[in-house]
Amino acid sequence: MELKLSENIRNLRKQRKLTQEQLAEILDVTTGSVHKWETGSSIPELRLILEMAVFFDCSVDALLGYAVKDNSFCAIRQRLSELCRKGDPVALSEAEDALKKYPNAFEIVFACATVYRTFGMDQYRGDLLGRALELFEYSLRLIAQNSDPSINESTVYGQIGGIYLSMGETEKGVEIMEKHNAGGMFDGDIGLTLSVVLGQSEKARPYLSRALRDSVFSLMNTVVGYAFVYSDTGDYVALRDIVTLGQDLMNSLRASEGTSILDKTNAGLLILLSHAELQSENTARAYELLKKAAALVRQFDAAPDFGIGSVRFATGVETWNVHDMLGGTARESVTYILERLRNHKLTSLWEETMINCEPK
């Protein structure tokens, strides 16, 4: 509980337009006593608290200003997260208080472990990292309680491995991450550590290649998703910006001169850009973009290549294939996007473009 007596005495006195000297005279105390109450350096006797409550026409509880903390799991987690964001070391004592109340609650133990890891890494303190390690390891025994889909046993082991890396036990940290690398979730961290810290470049390469592949196509999915969000909200400037970002990335990563899986994605992005141009009544620009999209569709569907080998830097993983949910061919992907946009003018212009671009 938080006591706000000093603040309340000061505020109530000012509301009555009284000086400290005048309040002291009313209560038959010294001006210094009132000053100490209002600065929090001393607390009035119970008799005087009762007299002030009567004088200010409020309850004793209101005068004391008790505020009971919300100690639900959610409130504690949010409070710890906010303190960490501010870099407030009070988070550490709050964490220990929470652990005393809920020593066997997964949500609390995991949140407190995160607090110690954050401050341990920020301050390069081994004692805090050690405490974080202890709590993360204990949270594994409580994992059955977890209801957060973003947390599982692998993510907890990832935190543990990361702490070992921070503590200088690099090989142990990498070993833990490799053992619990579900779906390649730690590929980037493992590749970085192997190449930079341990100097094992060849061993790092496949991890980095997989991380690049997953990052690139995850970003492409994000770009397309955002493009539809901006289309639905009518923010066509943002739509252009996010799609252009995606195109810049693809152009910088396209390795081969022939067909590339990136062409299939780029065709869809060009359709989205055309949509934005039509909404701005720039039909000529939209038609130029559609012609580029049509050329990519024909090129890709004539000799489809879903391999990752056409992406720069993704060496040693040429046999991997990539597929998206938009359609099996470039034309199917474009059709799906057009149906979702529901822009009849764009659809008509696309059909006209495909006819005009038919090989003679």
Side-chain angles (χ1 to χ4, degrees), residues 213 215-312 314 321-360:
R213 173 202 63 181
S215 298
V216 168
F217 290 98
S218 176
L219 180 58
M220 286 299 100
N221 288 339
T222 303
V223 166
V224 173
Y226 259 123
F228 277 102
V229 168
Y230 293 135
S231 175
D232 290 344
T233 57
D235 190 346
Y236 299 110
V237 172
L239 190 158
R240 289 191 193 94
D241 289 344
I242 194 72
V243 170
T244 300
L245 170 67
Q247 288 184 312
D248 289 343
L249 176 64
M250 286 193 301
N251 290 335
S252 65
L253 290 175
R254 199 181 189 287
S256 67
E257 294 297 325
T259 304
S260 170
I261 182 59
L262 298 178
D263 296 336
K264 180 174 180 286
T265 303
N266 196 22
L269 295 182
L270 287 167
I271 297 297
L272 289 163
L273 280 179
S274 301
H275 173 61
E277 295 296 341
L278 281 181
Q279 295 298 329
S280 302
E281 299 185 355
N282 193 348
T283 305
R285 174 60 179 159
Y287 185 61
E288 289 302 314
L289 293 170
L290 289 174
K291 287 197 292 185
K292 292 181 180 179
L296 288 176
V297 165
R298 294 189 184 284
Q299 177 179 309
F300 182 84
D301 286 349
D305 183 357
F306 295 92
I308 195 70
S310 61
V311 177
R312 293 179 64 198
N321 288 337
V322 179
H323 298 273
D324 59 47
M325 61 177 289
L326 300 180
T329 66
R331 185 180 291 233
E332 289 173 351
S333 294
V334 167
T335 300
Y336 182 88
I337 291 173
L338 289 168
E339 290 174 350
R340 174 62 176 78
L341 290 172
R342 295 186 292 275
N343 183 333
H344 300 302
K345 184 176 180 180
L346 177 64
T347 300
S348 297
L349 197 57
W350 169 251
E351 292 172 351
E352 177 186 332
T353 303
M354 287 298 286
I355 293 172
N356 292 338
C357 292
E358 285 284 355
K360 304 301 182 183

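In what follows, residues are counted from 1 in the order of the sequence shown.
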[X] to [Y] - nearest heavy-atom pair and separation:
X: R331; Y: R298; result: NH2-NH1, 3.8 Å
X: T259; Y: Q299; result: OG1-O, 3.8 Å
X: V297; Y: W350; result: CG2-CH2, 4.0 Å
X: K264; Y: S333; result: NZ-OG, 2.8 Å
X: A267; Y: L296; result: N-CD1, 4.0 Å
X: L349; Y: L278; result: CD2-CD2, 4.4 Å

Is the closest side-chain heavy-atom distance between [X] and [Y] below 4.5 Å?
X: I337; Y: F228; result: yes
X: N266; Y: K292; result: no
X: L341; Y: I271; result: yes
X: L290; Y: E352; result: no

Which value, rounded to the nearest 0.5 Å, describes the distance between [X] atom [atom1] and [Y] atom [atom2]?
X: Q247; Y: R254; atom1: CD; atom2: CZ; result: 13.0 Å
X: T335; Y: E351; atom1: OG1; atom2: CD; result: 8.5 Å
X: R240; Y: H275; atom1: CZ; atom2: NE2; result: 10.5 Å
X: Y287; Y: S274; atom1: OH; atom2: OG; result: 11.5 Å
X: M250; Y: I261; atom1: CE; atom2: CD1; result: 10.5 Å
X: T244; Y: L273; atom1: OG1; atom2: CG; result: 5.5 Å

Closer than 3.5 angstrom, by distance alone: can the side chain of [X] be matched with the main-chain N or O of [Y] as a donor-acceptor pair?
X: S252; Y: L249; result: yes
X: D263; Y: S260; result: yes
X: D235; Y: Y230; result: no
X: S231; Y: A227; result: no

- Message: Using the rule given for salt bridge (Lys or Arg N to Asp or Glu O under 4.0 Å), can you reason through D232 versus R340, listing the C-alpha separation, both sets of side-chain angles and the distance that settles it, and then say yes or no?
- Response: CA-CA 10 Å; D232 290 344; R340 174 62 176 78; 2.7 Å; yes
- Query: Is K291 salt-bridged to E288, going by a charged N under 4.0 Å from an acidic O?
  - Reply: yes
- Sole candidate of D241, I242, L239, V243 that passes side-chain contact (heavy atoms from CB on, under 4.5 Å) when paired with Y226: I242
- Identified side-chain contact (heavy atoms from CB on, under 4.5 Å) counterpart of L289 within the set L272, L270, L269: L270
- Task: Show your reasoning for whether side-chain contact (heavy atoms from CB on, under 4.5 Å) applies to L262 and F217.
- Result: CA-CA 9 Å; L262 298 178; F217 290 98; 4.0 Å; yes
